[in-house]
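Remarks on the structure that follows.
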Amino acid sequence: MNKLKGVLIFLGILYAAFLGSMLLLELDTDRMLGLHKDLLQRIGLLGIVTFGAGLIIITGNIDLSIGSQVALCATVFCMLVIDFGLPLVVSLVLTLLLGTMLGAIVGLAVTKLRVQSFIVTLCGMFIFRGIARLFTGDKKIGLGQMHVSLKDFFNGDLLNWPWPTYFLILFLLLATAIVFLHRSVLGRYMFAIGSNERAAWFAGINVDRFKIAAFAISSTLVAFYSFLFVMKFNSVNPNDTGTMRELYAIAGAVLGGCSLRGGDGSALGLFLGACIIEVLYSATDNLLTFLKRADYLPSVSIDAVIPVAIGLVLLGGAVIDERLRRQRLMQKG
């Protein structure tokens, strides 16, 4: 609970910086509302893969192939719709099944071959993106003018509520994750495996089965994210689609309170972690825009600065978390 309070306070500070950056730019009300809507859309999208990455981290593993899975699943979805002429719903279901299969394959390699998840998913990062590039011949693929009304639906406000559709989808996912992680036996098993895998095995938990399930669930969420990615951006470039998504997702999970040692974290923390990443991005982007207008940093891009900002924040969070952990151990000792 104390960790969540700290995450909330930090998010509040970042949001205040975001508001301050908009005041520096002297934006009107409509422009401010537009930036808030864009922020919520990006939180909704990043939050989906953050939940997937967080579930794997809770079990004491890691997945570095999330970005490449995005590229492959998004490419396959577009191919099913365009090249094979399948209905969109059928294409979505097959894409979700592909995601589940990719996760299951990774989980089987980790559990049955006894290879560390870091190594398996590092290999998957190269393999999945390579397959996507082979499928398209290194060319961009997109839906063009197909399914325009559906894309408008996802990029609009659901039922005319003042909340973007992507954010509402994430909110529904948050409610589901709270039930799954904190109110179900399966969720408790995931935490138990991450806390002490050997003790979980002696307690009668089928560790391998639940590890595979964690990877499969995560990759299914990634496949769903891939579908939403196509709905938002309308096209896929296998060379760079999904690049850095795994790192942002892992960073969001860690900033939200997940321990890379496993066995620690919460659904709400994962949600807040995704918020932190995107609010930090927006505040930094606004500040850079202000500095460029003043000719202080005329040639610096947000893509160059944001990794530095996230890295520094993540390092600071890790240092604070480690010191708090040592204090708790000293108090218990």
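Hydrogens, waters and symmetry mates play no part in the numbers below; they use all other heavy atoms, side chains included.
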Please tabulate, for the side chains in residues 71-94, all donor-acceptor contacts under 3.5 angstrom to protein atoms that are two or more places apart in sequence or on a different chain.
from: Thr75; atom 1: OG1; to: Ala71; atom 2: O; distance (Å): 2.6
from: Ser91; atom 1: OG; to: Pro87; atom 2: O; distance (Å): 3.1

Under the side chain to side chain donor-acceptor pair (under 3.5 Å) test, which residues partner [X], sequence neighbours left out?
| X | answer |
| --- | --- |
| Ser68 | none |
| Tyr15 | His36 |
| Ser226 | none |

Is the backbone of [Y] close enough, under 3.5 Å, to the side chain of [X] for a donor and an acceptor to pair up by distance?
| X | Y | value |
| --- | --- | --- |
| Thr243 | Asp240 | yes |
| Ser235 | Gly142 | no |
| Asn155 | Lys151 | yes |
| Arg129 | Pro238 | yes |
| Thr165 | Gly156 | yes |
| Ser21 | Leu287 | no |
| Thr121 | Gly124 | no |
| Ser282 | Val279 | no |
| Ser218 | Gly52 | yes |

Over all heavy atoms of both residues, which pair between [X] and [Y] is shortest? Give the atoms and the distance, please.
| X | Y | result |
| --- | --- | --- |
| Ala309 | Thr284 | CB-OG1, 4.3 Å |
| Ser219 | Gly103 | OG-CA, 3.2 Å |
| Ala274 | Thr50 | CB-OG1, 4.0 Å |
| Ala251 | Ile310 | CB-CG2, 4.1 Å |
| Pro307 | Tyr248 | CG-OH, 4.4 Å |
| Phe118 | Leu64 | CE1-CD1, 3.4 Å |

Between [X] and [Y], is there a shared hydrophobic cluster once you connect ILVMFWY residues whose side-chain heavy atoms come closer than 4.5 Å?
| X | Y | value |
| --- | --- | --- |
| Val179 | Met190 | no |
| Phe167 | Leu33 | no |
| Val148 | Met231 | no |
| Leu134 | Met125 | no |
| Val115 | Ile212 | no |

**Q.** Partners passing ring pair (Phe, Tyr, Trp, His ring centres under 6.0 Å) against Phe191 (at least two apart in sequence or in another chain)
**A.**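 Partners of Phe191 under the ring pair (Phe, Tyr, Trp, His ring centres under 6.0 Å) test: His182.
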Q.
For Tyr166, give me all partners under ring pair (Phe, Tyr, Trp, His ring centres under 6.0 Å), at least two apart in sequence or on another chain.
A.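 Expected list: none.
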Who are the side chain to side chain contact (heavy atoms under 4.5 Å, CB included) partners of [X], not counting sequence neighbours?
| X | answer |
| --- | --- |
| Phe126 | Leu122 |
| Val313 | Phe10, Leu255, Leu280 |
| Cys275 | Leu11, Ile43, Phe271 |
| Leu186 | Phe180, Ser184, Phe210 |

[X] side, atom [atom1]; [Y] side, atom [atom2] - distance, nearest 0.5 Å:
| X | Y | atom1 | atom2 | answer |
| --- | --- | --- | --- | --- |
| Lys140 | Asp138 | NZ | CG | 13.0 Å |
| Arg188 | Leu181 | CZ | CG | 11.5 Å |
| Tyr281 | Asn286 | OH | CG | 10.5 Å |
| Leu260 | Asn61 | CG | CG | 11.5 Å |
| Ile178 | Arg183 | CD1 | CZ | 8.0 Å |
| Ile131 | Ile127 | CD1 | CD1 | 7.0 Å |

Q: Verify side chain to side chain contact (heavy atoms under 4.5 Å, CB included) between Phe18 and Leu39, making sure each step is shown before the conclusion.
A: CA-CA 10 Å; Phe18 172 60; Leu39 173 61; 3.9 Å; yes
(Q) Per the salt bridge (charged side-chain N to carboxylate O under 4.0 Å, His left out) rule, what does the pair list look like for residues 29-54, sequence neighbours excluded? (A)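 Of all non-adjacent pairs touching residues 29-54, those that pass salt bridge (charged side-chain N to carboxylate O under 4.0 Å, His left out) are Lys37-Asp157, Asp38-Arg42, Arg42-Glu278.
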So, do [X] and [Y] sit near enough that their side-chain heavy atoms are less than 4.5 Å apart?
| X | Y | answer |
| --- | --- | --- |
| Ile58 | Cys258 | yes |
| Leu23 | Met32 | yes |
| Trp201 | Ile193 | no |
| Ile13 | Ile9 | yes |
| Leu247 | Ile66 | no |
| Arg245 | Leu46 | yes |
| Ile169 | Phe154 | yes |
| Leu174 | Phe51 | yes |

Q.
Do the side chains of Arg114 and Asp208 get close enough for a salt bridge, i.e. N-O under 4.0 angstrom?
A.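 Looking at Asp208 together with Arg114, the answer is yes, because their closest N to O distance falls below 4.0 Å.
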Would you list the atom pairs, donor with acceptor, under 3.5 Å between side chains in residues 104-113 and any protein atom, with sequence neighbours excluded?
from: Thr111; atom 1: OG1; to: Gly107; atom 2: O; distance (Å): 2.8
from: Thr111; atom 1: OG1; to: Leu108; atom 2: O; distance (Å): 3.4

Q: Would you please classify the geometry between the Tyr225 ring and the Phe229 ring as parallel, tilted or perpendicular, with 30° and 60° separating the classes?
A: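 Tilted.
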